[in-house]
Number of protein chains: 2
Amino acid sequence: MADREDTPVKATATSARVIEALLELESATITELDDHLPHSKSTIHSHLETLEQLGFVVRDNWAYQVSLRFLEIGSVARNRYPLYQPGVSEVRQLATASGLVASLVVIERQRGICLYTAMGKKSDRSFGDPGETLPLHCTAPGKALLAVMAPEDVDSIIDGHGLREYTENTLTSRAALDEELQDIQSRGIAFNREEWREDVRGIAAAVEGKTGSPVGAISVRSPTDTMSGKRFQQDIPGLVISSANRLRKALRSER
Amino acid sequence: MADREDTPVKATATSARVIEALLELESATITELDDHLPHSKSTIHSHLETLEQLGFVVRDNWAYQVSLRFLEIGSVARNRYPLYQPGVSEVRQLATASGLVASLVVIERQRGICLYTAMGKKSDRSFGDPGETLPLHCTAPGKALLAVMAPEDVDSIIDGHGLREYTENTLTSRAALDEELQDIQSRGIAFNREEWREDVRGIAAAVEGKTGSPVGAISVRSPTDTMSGKRFQQDIPGLVISSANRLRKALRSER
DNA sequence: GTGGGTTTTTCGGAATGAGGGAATACTTCT
DNA sequence: AGAAGTATTCCCTCATTCCGAAAAACCCAC
């Protein structure tokens, strides 16, 4: 979220700010938006009316909200990923086999983004909604993806986002991260030991395209008590690796 | 898609047109967009650069595409619906029990919109993506919703959209539709007998809020050969009705 | 019903920014 | 290297965005 004032088309940026404010407030009136935005009420009113006519915003009396149009467009964006269709069934199977939360993650706009999440028996759905972003340097799928990326791309991402410390386990030095990525690269699997959130461990494997560039990662996560010992070191990693292998094969046969 | 030239903020409408063109073309260059849009290349370039900076569009060299940001925002829009969370598990259960495709549908912007779709054993995923719109007058969930709406709202929807004929079974006269809605209202269940697409039958029940206004519908659909006779008349309708009842109860206990 | 407080919507005017066309930079193929 | 096609920049003009204030709509209590 750097400077967003230098866009060529300012009015579109204003509309985007209105949408963003609607996201934060869930549902808002014009006066509420007026408090959260550096614009006059009449301006906000114009943009809301425009966005409503275009179908991006719905109003219930005086409460404005973002519409499901975003979901429709988002579905198109998601279906574009060749990983998606074969990934869904693979993630479901992985969730069932492990009993944990399994996700499909891709990289877009230098961020990790969740495409799909399936839940196993003993999992609570705390996060992992489609479209949700997750940091790359301190999650299992994020690190798995970084490990197969071109070094210059990794540099540009780390330079842009830094290595924010989420927990005491977060790797915050570039050297430590590089060493870890080397490790992940040689083993073909990435671990997250409560580096992002307390009491959440994760395991992930990246899936590369034919050029070696990453197309996504498949991952599972769970509270620490269900992810420790041999289960964390061998059993679950085995499931993840074979899922990733099946996915690679499915992708290769498709195109 | 009526006149969209009279929006207060024209630049936002232009950006929306660019996004829409990107949806149709899946992925496009500036010159391709130039052919599909009544704007100069420099204008299109400005809007694409703006949309990219705002995160709504991504580019891979010269191919522009809509981004997963829409999915993220769409998720927020979807989670706003109180029907969604309890509906997902109900739809899954219904899909498993029936072996067919089950969906959760709501009304927004005078259209039926699919919130979630689950698939049973013998179902192919031909349509039903989240965010997908479906006509109201010739689908089971659509008719179920119309049947519990206030008459004036039904009028305004029919007036706005008409009764387009999709197949020879589509109800195209207002009188026939009204009679059908009456029927649905008294039975509490709606049927679609290939009125929208050939060889697709559907069954749905609406879920009303405390004020009687509809909050959504739960439905199943399948090719005709698996939906006929007693199965179509009794077995599946029974499953749908009990699902809807459980959903009503779940909604009532939540708030 | 009637009226006050609140919120939305309309209206005009001034400054700015959107948009078109042509020129330039870039990439890719021959 | 040259050519063809593409993206990007530049500049100028007219339309438009944006604001502030006034008007209208709405909700509440009385």
Side-chain angles (χ1 to χ4, degrees), chain A residues 3-22 24-67 109 150 152-153 211 213, chain B residues 3-22 24-54 56-67 109 150 152-153 156 211 213:
Chain A
D3 40 66
R4 52 213 330 192
E5 302 305 293
D6 55 347
T7 58
V9 185
K10 316 264 165 118
T12 297
T14 305
S15 283
R17 266 191 296 270
V18 170
I19 288 169
E20 219 155 298
L22 280 181
E24 285 174 21
L25 301 171
E26 289 264 316
S27 164
T29 67
I30 289 186
T31 32
E32 282 173 323
L33 288 169
D34 189 35
D35 297 340
H36 287 251
L37 291 170
H39 296 281
S40 73
K41 280 187 190 178
S42 59
T43 298
I44 296 171
H45 177 256
S46 294
H47 282 269
L48 283 173
E49 196 177 321
T50 302
L51 290 168
E52 189 193 2
Q53 278 188 50
L54 296 171
F56 291 109
V57 156
V58 291
R59 62 188 294 187
D60 182 62
N61 259 335
W62 287 301
Y64 288 87
Q65 305 186 321
V66 293
S67 84
R109 291 171 286 141
E152 65 263 28
D153 292 337
T211 66
S213 58
Chain B
D3 39 67
R4 54 223 318 203
E5 302 304 294
D6 54 347
T7 58
V9 184
K10 316 268 166 103
T12 297
T14 304
S15 283
R17 266 192 297 271
V18 171
I19 289 169
E20 218 154 300
L22 281 181
E24 284 175 22
L25 301 171
E26 289 263 316
S27 164
T29 67
I30 289 185
T31 32
E32 282 173 323
L33 288 169
D34 189 34
D35 297 339
H36 287 252
L37 291 170
H39 296 280
S40 72
K41 279 189 192 176
S42 61
T43 299
I44 295 171
H45 178 257
S46 293
H47 282 268
L48 284 173
E49 197 176 321
T50 302
L51 290 168
E52 190 192 3
Q53 279 189 49
L54 296 171
F56 291 108
V57 157
V58 290
R59 62 188 292 188
D60 182 64
N61 257 334
W62 287 305
Y64 289 87
Q65 305 186 321
V66 294
S67 84
R109 292 170 286 142
E152 64 263 28
D153 292 339
S156 120
T211 65
S213 59

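Proteins come first, then strands; the chains are lettered A, B, ... in the order of their sequence lines, and each starts at number 1.
Residue contacts shown for T31(A) are limited to sugar-phosphate atoms, with no base heavy atom under 4.0 Å away. Heavy atoms of S46(B) sit nowhere under 4.0 angstrom from any nucleic acid atom. Using a 4.0 Å heavy-atom distance criterion, S42(B) is classed as a base contact.
Using a 4.0 Å cut-off, some side-chain N or O of R59(A) falls inside it from OP1 or OP2 of dT9(C). A sub-4.0 Å separation between OP1 or OP2 of dG19(C) and a side-chain N or O of H47(B) is present. Between H45(B) and the phosphate of dA7(D), there is no side-chain N or O to OP1/OP2 separation shorter than 4.0 Å. One finds a side-chain N or O of H39(A) lying less than 4.0 angstrom from the OP1 or OP2 phosphate oxygen of dC19(D). Under 4.0 angstrom from either OP1 or OP2 of dG20(C) there lies at least one side-chain N or O belonging to S40(B).
Between A13(A) and L54(B), the closest heavy-atom pair is CA-CD1, 3.9 Å. Here the closest non-hydrogen pair linking I30(B) and Y64(B) is CG1-CE1, 3.9 Å. Q65(A) and E26(A) get closest at one heavy-atom pair: CG-O, 3.9 Å.
Atom CG of L37(A) and atom P of dC19(D) are 10 Å apart (whole Å). Summarising the geometry, the separation between CG on N61(A) and C1' on dT6(C) is reported as 15 Å, rounded to the nearest angstrom. Spacing between atom CG of L51(A) and atom P of dT17(D) amounts to 12 Å, rounded to whole angstrom units. Rounded to an integer number of Å, the gap from I30(B) CD1 to dA25(C) P is 18 Å. Distance CZ (R17(B)) to C1' (dG19(C)): 12 Å, rounded to an integer number of Å. In this structure, D60(B) atom CG and dT6(D) atom C1' are separated by 16 Å, rounded to whole Å. Nucleotide dA18(C) holds its C1' atom 15 Å from the CG atom of L48(B), rounded to whole Å.
Taking CG of L33(B) as the start and CG of L25(B) as the end, the distance is 6.0 Å to the nearest 0.5 Å.
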### Task
Go through H39(B) and H47(B) one step at a time and tell me if the side-chain contact (heavy atoms from CB on, under 4.5 Å) criterion holds.
CA-CA 11 Å; H39(B) 296 280; H47(B) 282 268; over 6 Å; no
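Residue-to-nucleotide proximity on DNA chain D shows that, of I44(A) and W62(A), the 5′-proximal contact is made by I44(A). Both A11(A) and T29(A) lie near DNA chain C, and the one whose nearest nucleotide falls closer to the 5' end is T29(A). Take the nearest nucleotide of DNA chain C for Y64(A) and for V9(A): the residue whose nucleotide is more 5' is Y64(A).
For the pairing with V57(B), the side-chain contact (heavy atoms from CB on, under 4.5 Å) check across L22(B), V18(B), T50(B) returns one residue only, L22(B).
Across dA7(D), dT9(D), dC18(D), the shortest atom-to-atom separation from the side chain of E49(B) is found for dT9(D). For K41(A), whose side chain is taken as the heavy atoms from C-beta onward, the closest listed nucleotide among dT8(C), dG19(C), dT9(D) is dT8(C). If you check dT8(C), dG17(C), dG19(C) against the side chain of K10(A), the one that comes closest is dG17(C).
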